[in-house]
Asks: 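The structure's right below; bear with me while I get my questions together.
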2 protein chains.
Amino acid sequence: MNKPITLADVARRAGTSTAVVSYVINDGPRPVAAATRERVLAAAAELGYRPNRIARALRSRTTGVVGLILANALNPYFGALAEHVEQALAEHDRLMLIGNAGYSAERQRHLVERFLAAQVDALVIVSADADDDVARHAERAGVPAVYLHNGPVAGRAPVVAADNEHAVREAVAHLRAHGHHDLAFLAGPDDAGPVGLRRRTWQDSAAPGAVALRSTYSRADADALTRRLIAGGAMPRALITATDEQAVGVLAGACAAGLAVPADLAVISLDGTPGSAHTAPALTVTRQPVAAMARQAVGLLFGQAAPAPAPRATLITRRSCGCDPR
Amino acid sequence: MNKPITLADVARRAGTSTAVVSYVINDGPRPVAAATRERVLAAAAELGYRPNRIARALRSRTTGVVGLILANALNPYFGALAEHVEQALAEHDRLMLIGNAGYSAERQRHLVERFLAAQVDALVIVSADADDDVARHAERAGVPAVYLHNGPVAGRAPVVAADNEHAVREAVAHLRAHGHHDLAFLAGPDDAGPVGLRRRTWQDSAAPGAVALRSTYSRADADALTRRLIAGGAMPRALITATDEQAVGVLAGACAAGLAVPADLAVISLDGTPGSAHTAPALTVTRQPVAAMARQAVGLLFGQAAPAPAPRATLITRRSCGCDPR
DNA sequence: CTGAAAGCGCTTACAG
DNA sequence: CTGAAAGCGCTTACAG
């Protein structure tokens, strides 16, 4: 509660001006004599000086804070993305403000406004709605923005996404190698974003005539759908799920209905979150390169990375496709 | 990129002073004549004025930002907590800075310093290490802090936790009602924090002589432990797991080793995250009142809630204990 | 009810 | 290499 030490306090103690103290603390932009620098550093240390970032932000128009907007914070795939964004940001000595859109375009817009009002230096958007180019608001305010995983294709802001087609082709090839010819696909509620791309790739490469199964991205919905399909005798023998959350729901539904995975149903999921290694049975997945994606997005924000080729997922074979690691 | 509108711009346009504009924008602290207020509001709207929060923060020494430190952001239980904290904060019109300690006391200390330097108005700490009373640093800086779920018992900052003993007793009673006498317990790596309390409650109420099983809070570890126990013929018939992550690992290990849940092994977990409803088989849990906990913690920060009784978990029976909802 | 002005703690031309 | 000073955009006593 004791009043904080300011630059002026340090300057007084070191017998110099605030300008010089600032130069020492920030290592620039002007040189300082070695002896003076020592005195300043000593004074700062003795006083326990900590710069007031708010004052610095007001003056230099940069807060050191980046906003992350998440389509849905409770989905572990997005959680993993957030985690890697935080790490990449920490390496740039930036703090992360987080907001959860909960799959709502309106909440997403609201968050963008709030974050801009908070004077974030930049925005990373894992969009809840690829049709709504919210990055425009940031652009208008002169704040750089980048979409991660999902964003409007026609917008001005860059979109960092994985090579979704590649992942699907890996899954298709692997299931075929297991001898499956009819490959079903559990898509999202609509064909927006990366999941739409995954659905279309499956269609083109594996099942031109088939119609995709659909559910929301919640475990509950995929679980319920699975039970319904099994009850109606309409469950396919081999299934690719667009996301891990859906795969987990499928496993739950199959278990509840007494259907054996992989004996009666082979499953491959396309996210590959860490949790997929410990389902019952363990999920075969294409593991999306979330760390690389996060790093690329943050790099773009700090002008360090040129637009790079989309990172590719790796196929991780486990039990659910019919492989048996034992 | 066009230069932002300031208070002064609005004042000029409305033909008044910046003081009056400020009074209008903030609805106080001085009254303003209705006519003047109208002019100001009109000018602000026409200009598209948005207050600069940084300047406001420097002057009023309050940023509208609260820091949340998470023991481990990738654990869905903590994720759910974070989600509810964000919601409670949004209701108070506060933004949330988030940091992940990754179970490291050192990273946690570092985050506290970073957040204090960023001038957060308050701190919510889901502590990675109950022995390290990091809230003291905040207190010294005059920043209110509250621990959530886990924190030092002897510290000055309040700790908001659920009634852990109650949850354990519910689980014990339910397993007994299923006819189980020997109840094993999967605890954490040590007895710190809420999990320690859960372990001791199990010990006292169900198995005074027994020794608890232990693993870290990762699915991988609980999975591996389970396989080892099964391979060694040492798997108990009824198990309470301290956390959902461990329960999920147990289910995965049991499935991999061909052990049937609940026929050969009954399981109850003590977190009750949303995901527990869709495991294979579905987990019976005591659902911790995370929303109430988050709300209580945030309430304490804003001086709205007196220390309240610890919220209690509810038992949700599903398949893994031997109940069959069908 | 309103206005002129100080000041929050920094950064950065500018002058020396 | 260093210092005196302006100014970032607000809020808030203070005087009227």
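Atoms considered below: every heavy atom in the structure, side chains included; atoms not considered: hydrogens, waters and symmetry mates. Chain identifiers are assigned alphabetically (A, B, ...) following the order of the sequence lines, protein sequences preceding nucleic acid strands; residue numbering begins at 1 within each chain.
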Asks: Salt bridge or not for R295(B) and E86(B), using N-O below 4.0 Å?
Replies: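 No, R295(B) and E86(B) are not salt-bridged.
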Asks: Please state how far atom CZ in R61(A) lies from atom P in dG7(D), giving the value in whole angstrom units.
Replies: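 Result: 14 Å.
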Asks: Students often get this wrong, so: under 4.0 angstrom with heavy atoms, is T6(A) touching a base, only sugar-phosphate, or nothing?
Replies: sugar-phosphate
Asks: What is the distance from CG of D9(B) to P of dC8(D), rounded to the nearest Å?
Replies: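 Result: 11 Å.
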Asks: For dC10(C) and Y49(A) - does any side-chain N or O of the residue sit under 4.0 Å from the phosphate oxygens OP1/OP2?
Replies: yes
Asks: Any side-chain N or O of T36(A) less than 4.0 Å from the OP1 or OP2 oxygen of dT2(D)?
Replies: yes
Asks: Measure the distance from CD on E38(B) to P on dC1(C) and round it to the nearest whole Å.
Replies: 14 Å
Asks: For dT12(D) versus dG16(D), give the span between their C1' atoms, rounded off to a whole number of Å.
Replies: 16 Å
Asks: Separation of R56(B) atom CZ from dC10(C) atom C1', in whole Å?
Replies: 20 Å
Asks: In whole angstrom, what separates L47(B)'s CG from dG9(D)'s C1'?
Replies: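 Going from CG in L47(B) over to C1' in dG9(D) covers 15 Å.
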Asks: Ignoring hydrogens, what is the shortest heavy-atom contact between P194(A) and N150(A)? Give both atom names and the distance.
Replies: CD-OD1, 3.4 Å
Asks: Taking only the side-chain nitrogens and oxygens of N26(B), find out if one of them lies under 4.0 Å from OP1 or OP2 of dT11(D).
Replies: yes
Asks: Both V20(A) and R37(B) contact DNA chain C. Taking the nearest nucleotide for each, which residue is further toward the 5' end?
Replies: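 Result of the comparison: R37(B).
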Asks: My understanding is that a pair needs two contacts under 3.5 Å, Watson-Crick or G-U wobble. By that rule, which nucleotide pairs with dT2(C)?
Replies: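 Paired with dT2(C), as far as the under-3.5 Å criterion goes, is dA15(D).
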Asks: Inspect the surroundings of CD in E46(A) and state if more than 12 heavy atoms from other residues, nucleotides or ligands are less than 6.0 Å away.
Replies: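 Enclosed.
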Asks: By the 4.0 Å heavy-atom rule, please label A33(A) as base, sugar-phosphate, or nothing.
Replies: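 Counting heavy atoms under 4.0 Å across all strands, the contact made by A33(A) is with sugar-phosphate only.
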Asks: Please report the distance, rounded to the nearest Å, between CG in L58(B) and P in dG7(C).
Replies: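 L58(B) atom CG is separated from dG7(C) atom P by 14 Å.
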Asks: Less than 4.0 Å between a side-chain N and a carboxylate O, is that true for R114(A) and D93(B)?
Replies: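 Between R114(A) and D93(B) there is a salt bridge, with a charged N closer than 4.0 Å to a carboxylate O.
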Asks: Measure from the side chain of L7(B), starting at C-beta and using heavy atoms only, and say which of dT11(C), dC10(D), dC8(D) lies closest.
Replies: dC10(D)
Asks: By nearest atom, which of the nucleotides dT12(D), dG9(D), dT11(C) is closest to the Y23(B) side chain?
Replies: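 Side chain of Y23(B) sits closest to dT12(D).
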Asks: Under 4.0 Å between a side-chain N or O of T16(A) and OP1 or OP2 of dG3(D)?
Replies: yes
Asks: Rounded to whole Å, please give me the gap between CD1 in I5(B) and C1' in dC10(D).
Replies: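 To the nearest whole Å, that distance equals 15 Å.
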Asks: Measuring to OP1 and OP2 of dT11(D), would you say a side-chain N or O of S22(B) lies under 4.0 angstrom away?
Replies: yes
Asks: What distance separates E113(A) CD from H110(A) NE2, expressed to the nearest 0.5 Å?
Replies: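 With rounding to 0.5 Å, CD (E113(A)) is 9.0 Å from NE2 (H110(A)).
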Asks: Find the distance I25(A):CD1 to dT12(C):P and express it as a whole number of Å.
Replies: 14 Å
